[in-house]
Number of protein chains: 2
Amino acid sequence: MKTLTLSIAANRTRSSDVRELLKYAQLPGMISLAGGLPDPALFDVAGIDAATAEVFANEARSALQYGQTDGQVSLREAVTGLMKQRGANVAPENVLITSGSQQALDLVARSILNEGDFVAVERPSYLAALQIFHLLGAETVSIPVDGDGAVVDALLSLPADKPKPKLLYLVSNFANPSGATLTLARREKLVRWAVENEVFVLEDDPYGALRYRGSPEVPLVALAEKVPGALEWVGYLSSFSKIMAPGLRIGWAVLPAVLHDACVRIKQALDLHTSTFNQAIAARYLASGRLESHLDTVCKVYGERAEALASALTEAFGDKLRFNRPDGGMFLWGRFEDGTNARELLYIAREKGMIFVPGDVFYPDTPDTSAIRFSFVTVDNAGLLEGVKRLKAAYDEMKQS
Amino acid sequence: MKTLTLSIAANRTRSSDVRELLKYAQLPGMISLAGGLPDPALFDVAGIDAATAEVFANEARSALQYGQTDGQVSLREAVTGLMKQRGANVAPENVLITSGSQQALDLVARSILNEGDFVAVERPSYLAALQIFHLLGAETVSIPVDGDGAVVDALLSLPADKPKPKLLYLVSNFANPSGATLTLARREKLVRWAVENEVFVLEDDPYGALRYRGSPEVPLVALAEKVPGALEWVGYLSSFSKIMAPGLRIGWAVLPAVLHDACVRIKQALDLHTSTFNQAIAARYLASGRLESHLDTVCKVYGERAEALASALTEAFGDKLRFNRPDGGMFLWGRFEDGTNARELLYIAREKGMIFVPGDVFYPDTPDTSAIRFSFVTVDNAGLLEGVKRLKAAYDEMKQS
């Protein structure tokens, strides 16, 4: 009997390796440094509960009704306030509320890319972004990342045998997976490059607010205010998932008018709009003023965990594992200098009761098989130490065999 | 200065006429029989508030965390209970929770259709479905609708010069816009046609639970249980938007495994998953047992409004406006037998303080310019009567000029 023939797009997709790996995280006793899940114990449940109660008390019926595709006015205005804190002057008309910033990325990609078009990405890059580009049938060209973020100068020597990218996508602060933050000098250079080369640069910033040390860098959209024409060529994505709660699925995009309008038209067809109820909760939570102290708490705890993991790794592996100590975010990105294959190590570590993500999954092209990503935010200090102990046992076993 | 070049898909999209029209609904004093918005005065706010409080009391941290792409187990199991009431035996593994059923439709369409593929739709058809197919670059072929729903026999004489459709999409109960319900005989015929012709038939059922009179028809997925091989060729979509609250953006799809898995892989890239928080609220609301009495209330009020509108229209227009009295749902679909152009009438009616949707927007091909759609659920009886009065004044003015 014949069965349904799927579309080309559906046949192109496969489930993310990381999502598959996370199934192991559910096993009893497993220490997972794999997933990028915020620690739910730190959620400001009381604050979100209070914001929800306010919604029910003041605007229940409108919050439960259909809403505008571009997002509720109250939340878009609140987001302009957040953007102001991050250094950018943004009008509410340029803010689009989405179902997590993942959806914003899909909308921007669908608004710009045709099948076969090229996208410039970081090497390594955020895995789910690669999935989106792949789903659309776009090709990637990659630029390397170092401790200062994406190597912007590499854009000057993109392969001459490939078409110019239509879009450049990067995670600017405490990147997933590299942990790196793009320096100011590179940001300025990137904005000028975008205008001169007429390539849209999309900055994804889910983690910037999770800074434990040092001063924040301004978003590209802020730098673009001073470069003639540049606001047409840069966009910005962020999310409430890491600063408030991922379960609400609220993200946002700051985009120039032409692109904003295209994304709104597409979103209207895709899901009409993002939950008005959750938007109302997020707006009231921001208005409550609790975000700042909540972030202080989260950053303090995450910062301590980053230190605990970094110290334990140094103690266990010394020079054999090279990494930068994180100044923020959720990830520590390392590389075995002795050529250890991280995926093989994972299979042994899994048996010993700990998992991580082998770095190879994050490469749009030739992977670095010795790269490794640890998340240090879901597990407490004791768990991190035990996780590293198990990792070291797996490593030792691998080297003996 | 050069500006960003949008994708082919983005350039194909345009904002929905209905959405544009709804801007007029905001004007003071305007009586809108245009939008398909449930009456927010009937929302079971107390029940949803109680379900939300239960979520905060019992599962706040998991409901605010990331979740599974296919949906929370508690809600998928609750949906199987709803499906059982509707006559179908469904396994939770075949249920996919989506951000409104609109997203489910997009996922199914993306999983099956390539650019240039054909989709069979009703004439008239749900507008936002046409938008999705258009966005994907698919072509439509249409079959007529009469008082018994889609004319299934028309599938036997599809144009020979066009490729066979890969998908057939229809709204089975109290359809938007036609108000018609597909009869059992046609449902049975349609299921057999799907298997024999190897065309996937997607039944969209947002309104079936809003029945004021008569007995419900069973979903195609229920009939397919008795036809060998048929479960591979039929799917079912529904939503909490019309029975609970649209602002939560929770819908679901019942799909065969191959298609379910493809939709999950695509959804993972698009938005990771639908709000876990809202899913938890919906699951607890269903568990509370309040849905049945809530639906009784809603159906009683909507049924009275349908009667009020139908009677007022008959009184005002007599034989000149032909329509069937609704047995459920939210829409009354009519046709001016005297050749009145509904869009021209709209422009005059708008000036007189009432709006409706001209039927022409719902046609995938040659429109019926005398068709007209009224929603009777957002406005109370007095408003409906005043709306018809204004409509009649507009009609009289049009006929005099």
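Per chain, numbering begins at 1; letters A, B, ... match sequence-line order. Note: hydrogens, waters and symmetry copies are ignored here, and every other heavy atom, side chains too, is used.
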Contact origin within [X] toward chain B - heavy atom pairs under 4.5 Å:
X	value
Thr69(A)	both
Asp106(A)	side chain
His134(A)	neither
Leu4(A)	both
Leu136(A)	side chain
Gln68(A)	backbone

Is the side chain of Gln102(A) donor-acceptor paired with the backbone N or O of Ala269(B) at a distance under 3.5 Å, no angle test?
->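 Present.
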
Candidate list Asp261(B), Asn114(B), Val258(B), test side chain to side chain contact (heavy atoms under 4.5 Å, CB included), partner Leu6(A), passing option |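 Among Asp261(B), Asn114(B), Val258(B), the one that satisfies the side chain to side chain contact (heavy atoms under 4.5 Å, CB included) with Leu6(A) is Val258(B).
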
Would you kindly say whether Asn278(A) and Ser275(B) are connected by a side-chain donor-acceptor distance under 3.5 Å?
->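 A pair is found: one side chain offers a donor N or O, the other an acceptor, under 3.5 Å apart.
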
Quick one: do Phe277(A) and Arg249(B) satisfy side-chain contact (heavy atoms from CB on, under 4.5 Å)? Show the steps, please.
-> CA-CA 9 Å; Phe277(A) 181 63; Arg249(B) 309 306 303 125; over 6 Å; no

Which bit of Ile48(B) is near chain A, if near means a heavy-atom gap under 4.5 Å: side chain, backbone, both or neither?
->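 Contact with chain A: backbone and side chain both.
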
For each of [options], tally heavy-atom pairs with chain A at distances under 4.5 Å, and name the one with the top tally.
options	result
Pro38(B), Cys263(B), Gly251(B)	Pro38(B)
Val55(B), Thr5(B), Ile112(B)	Ile112(B)
Phe43(B), Phe56(B), Phe200(B)	Phe56(B)
Thr276(B), Asp271(B), Leu270(B)	Leu270(B)

For Arg110(B) and Leu135(A), what are the C-alpha separation, side-chain angles and deciding distance, and is it a side-chain contact (heavy atoms from CB on, under 4.5 Å)?
-> CA-CA 10 Å; Arg110(B) 267 182 108 161; Leu135(A) 179 61; 3.7 Å; yes

Heavy-atom pair count under 4.5 Å with chain B, highest-scoring of Met244(A), Glu115(A), Gln103(A) |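 Counting heavy-atom pairs under 4.5 Å, the top option is Gln103(A).
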
Sub-4.5 Å side-chain heavy-atom contact between Leu37(B) and Gln65(A) =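 In short, these two side chains touch, coming nearer than 4.5 Å.
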
